[in-house]
Amino acid sequence: MISLRIDESIATVTLCRAPVNAINEEWIDQFDRILAELETLRHVNVLRIRSGERLFCAGADLELIDSLFATVAGRAKMIAITRRMQEIYARLERLPQVTVAEINGAAMGGGFELALACDLRVVADSAKVGLPEARLGLLPAAGGTQRMTRICGEAVAKRLILGAEVLSGADAVALGCAHWVAPAAELPAFVDALIARLAALPAKAIAECKRCIEVAAAGGADGYEVELAGSAALLADDQTQQRVRGFLNRQ
């Protein structure tokens, strides 16, 4: 259903629940266990999330929805499942690693909400992405309204969520929903190069940079003091000492 591979400083999560990586309770439990493991792997500084299927992730399992939505008790369970999705996507967002979503095919609803919880998104030109829940009289409640607004801004979020709009890869980049678009056949190689560049960076520096950016995005805390505290911690780190010393000796 979901696999995890560790290669030195790179972790790869592959979604492999045929045929469309639909999200059910077992999927949520497995993803949560993987995130718990990644939280302990301080030598890993990059997480790649990819699909082994033709779609990235189609969102919630339709059979699960069909079994629940007609009764009060079932609808309450749907809300409980959605809350768990919120929780694991927030856990993904808090990981110290740089997280990269490799969107090879359609990412809809909860599948695109998963991608939005990643730090970086690379999408194939042939892929379709969106939060079209309003078409069914629903809303993207696994964090979609919050993250899309924060990432793309209120105007874009209103256009896409209220209009239930589905985007091409190029349009997703143009509107700020993704960072890069690549031809489908070249997507894995593009992400390989990106991952290699990120993996060459020190894990502690990545974690501190992420923390500062998160503080800036959330507001409230004194981000400048967070920068100084992070800098102090990094300056005392052995790897930083070696890297800075090596850089200065080349001058």
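Every value quoted in this text rests on a predicted model; they were computed, and no experiment measured them. Note that the numbering runs from 1 along the sequence shown for the chain.
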Less than 4.0 angstrom from a charged side-chain N to a carboxylate O is my criterion; do Lys158 and Glu154 meet it? yes
Hey, what do you get for CE (Met78) to CZ (Arg75), rounding to the nearest 0.5 Å? 9.0 Å
Heavy atoms of other groups near Arg83 CZ, more than 12 under 6.0 Å: no
Which pairs, with at least one residue in residues 211-224 and sequence neighbours excluded, count as a salt bridge (Lys or Arg N to Asp or Glu O under 4.0 Å)? Glu208-Arg211
Hey, what else clusters with Leu136 if you join Ile, Leu, Val, Met, Phe, Trp, Tyr whenever side-chain heavy atoms sit under 4.5 Å? Leu138
To the nearest 0.5 Å, how far apart are CD1 in Ile88 and CG in Leu92? 8.0 Å
Name each donor-acceptor pair under 3.5 Å that joins a side chain in residues 180-191 to protein atoms two or more places apart or in another chain, with its distance.
none

Return a table of donor-acceptor pairs under 3.5 angstrom between the side chains of residues 140-150 and protein atoms on other chains or two or more places apart.
from, atom 1, to, atom 2, distance (Å)
Arg147, NE, Glu93, OE1, 3.4
Arg147, NE, Glu93, OE2, 3.0
Arg147, NH2, Glu93, OE1, 3.1
Thr149, OG1, Thr145, O, 2.6
Arg150, NH2, Glu93, OE2, 2.4

Side-chain (Tyr89) to main-chain (Leu116) donor-acceptor, under 3.5 angstrom: no
Joint hydrophobic cluster, Ile2 plus Leu41, side-chain heavy atoms closer than 4.5 Å: yes
Show, in sequence, the C-alpha distance, side-chain angles and deciding distance for Asn45 and Leu198, and conclude whether the side-chain contact (heavy atoms from CB on, under 4.5 Å) test is met. CA-CA 8 Å; Asn45 63 352; Leu198 296 171; over 6 Å; no
Do you know the tightest heavy-atom contact between Ala178 and Val123? CB-CG1, 4.0 Å
With the 4.5 Å side-chain cut-off for hydrophobic clustering, are Leu95 and Ile6 part of the same group? yes
With clusters defined by side-chain heavy atoms of hydrophobic residues (ILVMFWY) lying less than 4.5 Å apart, directly or transitively, does Val173 cluster with Leu131? yes
Tell me, please, which residues at least two apart from Glu113 pass side-chain hydrogen bond (donor to acceptor under 3.5 Å, both in side chains). none
Cluster question for you: counting only ILVMFWY and a side-chain heavy-atom cut-off of under 4.5 Å, with indirect links fine, are Met108 and Ile23 together? no
According to a hydrophobic-cluster definition based on side-chain heavy atoms being under 4.5 Å apart (Ile, Leu, Val, Met, Phe, Trp, Tyr only), do Leu64 and Met85 belong together? yes
Over all atoms of both residues, closest heavy-atom pair of Ile151 and Gly176: CG2-O, 3.5 Å
Donor-acceptor pair, side chain of Gln97 and main chain of Leu47, under 3.5 angstrom: no
Qualifying residues under side-chain hydrogen bond (donor to acceptor under 3.5 Å, both in side chains), relative to Thr99, sequence neighbours excluded: Asp119
Using atom types as modelled, flag every donor-acceptor pair under 3.5 Å from a side chain in residues 227-237 to any protein atom, sequence neighbours excluded.
from, atom 1, to, atom 2, distance (Å)
Ser231, OG, Glu227, O, 2.9
Asp237, OD1, Lys204, NZ, 2.8
Asp237, OD2, Gln239, N, 3.1
Asp237, OD2, Thr240, N, 3.2

CD (Glu87) and CG (Leu35) are apart, to the nearest 0.5 Å, by 12.0 Å
Short question: side chain of His179, backbone of Val122 - any donor-acceptor pair under 3.5 Å? no
Approximate separation, where rounding is to 0.5 Å, of Ser168 OG and Lys128 NZ: 5.5 Å
Non-neighbouring partners of Arg245 that pass side-chain hydrogen bond (donor to acceptor under 3.5 Å, both in side chains), sequence neighbours left out: Gln241
Quick one: does any side-chain atom of Lys210 pair with a main-chain N or O of Val98 as donor and acceptor, under 3.5 Å? no
Can you list the steps and then say if Cys177 with Leu160 is a side-chain contact (heavy atoms from CB on, under 4.5 Å)? CA-CA 10 Å; Cys177 298; Leu160 301 183; 3.6 Å; yes
Is the backbone N or O of Glu53 less than 3.5 Å from a side-chain atom of Asn104, with the two atoms forming a donor-acceptor pair by type? yes
Any salt bridge (Lys or Arg N to Asp or Glu O under 4.0 Å) pairs touching residues 10-22, not counting sequence neighbours? Arg17-Asp61
Going by the salt bridge (Lys or Arg N to Asp or Glu O under 4.0 Å) test, which pairs reach into residues 96-109, not counting sequence neighbours? Arg48-Glu102
Asp7: which residues meet the side-chain hydrogen bond (donor to acceptor under 3.5 Å, both in side chains) condition with it, sequence neighbours left out? Arg5
If you round to the nearest 0.5 Å, how far is SG of Cys57 from CG of Leu15? 6.5 Å
Kindly state each residue pair satisfying salt bridge (Lys or Arg N to Asp or Glu O under 4.0 Å) with at least one member in residues 162-171, sequence neighbours excluded. Arg159-Glu165
Rounded at 0.5 Å granularity, tell me how far CD1 in Ile49 sits from CZ in Arg121. 11.0 Å
